[in-house]
There are 4 protein chains.
Amino acid sequence: MIKRSASRDQDTQTSGQGREAILSAAKIQFAEQGYHGTTLSLIAAHAKVCKANIFHHFGSKEGLYLAVLKDYCEQLSPLRGGRSISAPTCREQLRQFAQIHLENMFNEPGAVQLFLRELLAQDSHRKEMLAKGVLEGNFARLVQMVREGQAAGEIRSTIDPAVLAVALLGADVFFFMARDVFQHFRDVSFAEGVEDYSKALSEILLTGCLVERD
Amino acid sequence: MIKRSASRDQDTQTSGQGREAILSAAKIQFAEQGYHGTTLSLIAAHAKVCKANIFHHFGSKEGLYLAVLKDYCEQLSPLRGGRSISAPTCREQLRQFAQIHLENMFNEPGAVQLFLRELLAQDSHRKEMLAKGVLEGNFARLVQMVREGQAAGEIRSTIDPAVLAVALLGADVFFFMARDVFQHFRDVSFAEGVEDYSKALSEILLTGCLVERD
Amino acid sequence: MIKRSASRDQDTQTSGQGREAILSAAKIQFAEQGYHGTTLSLIAAHAKVCKANIFHHFGSKEGLYLAVLKDYCEQLSPLRGGRSISAPTCREQLRQFAQIHLENMFNEPGAVQLFLRELLAQDSHRKEMLAKGVLEGNFARLVQMVREGQAAGEIRSTIDPAVLAVALLGADVFFFMARDVFQHFRDVSFAEGVEDYSKALSEILLTGCLVERD
Amino acid sequence: MIKRSASRDQDTQTSGQGREAILSAAKIQFAEQGYHGTTLSLIAAHAKVCKANIFHHFGSKEGLYLAVLKDYCEQLSPLRGGRSISAPTCREQLRQFAQIHLENMFNEPGAVQLFLRELLAQDSHRKEMLAKGVLEGNFARLVQMVREGQAAGEIRSTIDPAVLAVALLGADVFFFMARDVFQHFRDVSFAEGVEDYSKALSEILLTGCLVERD
DNA sequence: TATGAATGAGCCTTCATTCAT
DNA sequence: TATGAATGAAGGCTCATTCAT
């Protein structure tokens, strides 16, 4: 549960396992229970560390939370996302993006949960940080992609790139949030395979759902 | 302290001056701060009621929360949604739905926030209740609508109605969640008017974003 | 559980079932849980009466407790004890007393428990009332009995009547208190039948346990 | 309140200044007021410790109570009772036992009060623990003593050792419980000196109160 | 670095009690 | 007589945080 491989970058050798263990446990707790639902005692217990130790490493609960946030941000960053998107057509790029984006979410569910919870918070002064760090990256990339498609005459010029981006991201996010609820609905067959959903979604966004009449 | 005059000429609303005040305050608090972030002291203060009174009426914090949830559920129920959707074409029906759904969310932001937070909760035993009470109504209605469109030859038969439903709901929900973040992005012009977004979204879902080549 | 036959003495018809039901429930609760362990809510629930009603009838928790105490006192009073003691010899009288006393305790275990708990209380200002009402009656009677036995030359004159009384009462009380503990001990055969214990006890107190040597 | 100087020069008694103080205060409170009548706030105040500290050391009120119980048990244990009983005759042994037992009770009145209160509790799952820990020791010892007396021909063989044991213990316990009540009775002269009572009691149990006729 | 002990503030809950009806 | 609503005080317990070691 605790990744000792984190000492890969050996610049801060002294920070050691203690810090790492705490951070690791904290990421899980904050993601699952939210800020207020998370207790430092539980984190300390999970990390097998004295509670006071948390304060030596992170100063306060807020400090720990921020560290968790930062850590998650890097994992969610589209730059780190791994697989690069490269396809000749914009159509294909969007398909790839939709799929990779969804996969990324499921690879880091904790990060996403935390991020979404933060979005729901009313007065969070951290919203902006998250927006810049996570959302804007994906968003801007998508918009750029659409713009290029429009320039290449592939995407209709009447489309608002931002709306398309929100629609795609939103459809992914909502699927992520409610997947286990959907599974109990009739008329739902996609929920089993993430890929299936992604493909069907791309298709709708690309070609619409209306029959082409004219 | 609570308008004793107003409720007197009402029907038998006497049972619940205090109860109503508590519930009202609780709805706001739970929506804004979440379950763990909400304190009964604050609710009592806002309702101008003794803290012990909360327990007299709702038994426990959990009991109060459940009452809030139930209350919100009824407000979010699509049946109560008010404006009925009636249009000759499926295309128009979907447009209307998208818009009304979005409006409903903005009319009851607290309910939506609570609902979404509950969706994010890992182990919530209330998820199912919420799913049935709120989500399924909208979802089933959308699916039915698409099915009819397919039967009428208006909607492509290759479309999975469930995916379309998730996409539409998701796009709305995500817009609701992140609206104030989007406003700080460049390339975003829709965020000001809810209607504009709704229209543009419907357009994309209906006709897609690709240029029709053939 | 509630004796409605209590309306036997119909002098206070108005006091009715409510008062009676409360008192009845209170007797049980106070006996089983003690003063601090008893809650008025529970009494009200058991009596199927509104909590506020208790205050109308008894004024306060203390008032109710006092009423219970008084009620129990009358039941424990040796006068009401029913079977009168009448035997030609003091020896026989003591035997009878020991047995009847023990039986009385087991007939009103609640009263005894309450009484003993009160005895254990450090600063109880009710101790005196109980002492006069319950203990002194039995005690004085026993002492008197012994005195007569001494006058009649039946009881040794060197015996302190008070010590004998304490010994007899104490042996009974302790048996009552610890009966279910004793049952788990080896070497204990008396605990099953109350009568057996009483007889054996009387025998010891009367003739001692030493072999008569001289 | 607790000798901070005394324990410093002791051996590693450092672990438990607070703990010890809490336990000490708790013993007094629980003994005097019973479980339900005791408040942790008061204990904390008496121990000059933060209330939260109690939970740090004992986990809960119940935990603290159990610790108190355990502590008292050891003090009441007949093994620790100090003065050993050694006399040539069983008669003398019983006399000694009666006296030492009574003295022990008065030396640890709190322990005895707690113990007796627990005996009065209806549903106490701790009864057995107490029975084994405290009562059984004394009881078995007495029974054994009597058995030996019977084997030596000193004690009548018709005597049930268990009954004699209960009588002796009960007479002591009852004297302990009701001493201050007895003092207000006429006809009572023993209550002043514990020794006097003990002697008189032993005499009765040994030789009975009847005049030896034959 | 790491820890056990300690703390003050606050939380949820319960209690005995009062009040209006 | 009887009750539901309301309350202030207190109770047990948890939390984030600090301190000495």
Side-chain angles (χ1 to χ4, degrees), chain A residues 14-19 22 36 38-44 48-65, chain B residues 1-2 4 14-19 21-22 36-44 47-64, chain C residues 14-19 21-22 36 38-44 48-65, chain D residues 14-19 21-22 36-44 47-64:
Chain A
T14 50
S15 64
Q17 338 140 280
R19 215 192 111 96
I22 293 169
H36 288 297
T38 292
T39 153
L40 294 188
S41 305
L42 201 57
I43 290 178
K48 287 174 183 169
V49 166
C50 175
K51 202 176 13 169
N53 212 344
I54 296 179
F55 289 86
H56 273 282
H57 284 298
F58 300 94
S60 69
K61 188 185 184 182
E62 176 95 12
L64 175 57
Y65 184 68
Chain B
M1 221 149 256
I2 290 166
R4 301 193 178 277
T14 54
S15 77
Q17 252 157 12
R19 216 193 111 96
I22 293 168
H36 289 295
T38 292
T39 176
L40 294 188
S41 303
L42 202 56
I43 290 179
K48 288 176 180 167
V49 164
C50 175
K51 208 182 357 176
N53 211 352
I54 296 179
F55 293 88
H56 177 57
H57 285 296
F58 300 95
S60 68
K61 188 185 185 182
E62 174 103 12
L64 175 57
Chain C
T14 50
S15 65
Q17 335 139 283
R19 217 192 109 97
I22 293 168
H36 288 296
T38 292
T39 161
L40 293 188
S41 304
L42 201 57
I43 291 178
K48 287 174 183 169
V49 166
C50 175
K51 202 176 14 169
N53 212 344
I54 297 178
F55 290 87
H56 273 282
H57 284 299
F58 300 95
S60 70
K61 187 184 185 182
E62 177 95 13
L64 175 58
Y65 184 69
Chain D
T14 55
S15 78
Q17 250 156 15
R19 213 192 114 98
I22 293 168
H36 289 294
T38 292
T39 178
L40 294 188
S41 304
L42 201 57
I43 290 179
K48 287 179 182 166
V49 164
C50 175
K51 205 176 8 170
N53 210 353
I54 296 179
F55 294 90
H56 176 58
H57 285 297
F58 300 96
S60 69
K61 188 184 184 184
E62 174 103 13
L64 175 57

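All heavy atoms count here, side chains included; hydrogens, waters and symmetry mates do not.
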List the atom of D:Ala44, the atom of D:Cys50, and the distance in Å for their closest heavy-atom pair. CB-C, 4.2 Å
Nearest 0.5 Å please: distance from the CD1 atom of A:Ile54 over to the CG atom of A:Leu64. 6.0 Å
Atom-pair distance (CG on D:Leu42; P on F:dA9), nearest Å: 19 Å
Sequence neighbours excluded, the answer for ring pair (Phe, Tyr, Trp, His ring centres under 6.0 Å) partners of D:Phe58 is none
Tell me: CZ of D:Arg19 to P of E:dG4, nearest whole Å? 15 Å
So CG of B:Leu42 and OG1 of B:Thr38: to nearest 0.5 Å the spacing works out to 8.0 Å
Rounded off to whole Å, could you give me the CD-to-C1' distance for the B:Gln17 and F:dG4 pair? 13 Å
To the nearest 0.5 angstrom, please state how far the CZ atom of C:Phe55 sits from the CG atom of C:Leu40. 5.0 Å
Atom-to-atom span, CD1 of B:Ile43 to P of E:dG10 - whole angstrom: 17 Å
What distance separates C:His36 NE2 from C:Lys61 NZ, expressed to the nearest 0.5 Å? 7.0 Å
For F:dT7, does either OP1 or OP2 sit under 4.0 Å from a side-chain N or O belonging to B:Asn53? yes
Protein proximity profile, nucleotides 14-21 of chain F - base contact B, sugar-phosphate-only contact S, no contact -, cut-off 4.0 Å on heavy atoms: BBBBBB--
Gap between atoms CZ and P, on B:Phe58 and E:dT13 respectively (whole Å): 14 Å
Given that both pair distances must be under 3.5 Å and the pair must be Watson-Crick or G-U, what runs of three or more consecutive pairs involve DNA chain F? E:2-21 with F:2-21
Spacing between C:Lys48 atom NZ and F:dA2 atom C1', to the nearest angstrom: 17 Å
One should read off an interatomic distance between A:Lys51 NZ and A:Ile22 CD1, to the nearest 0.5 angstrom, of 12.5 Å
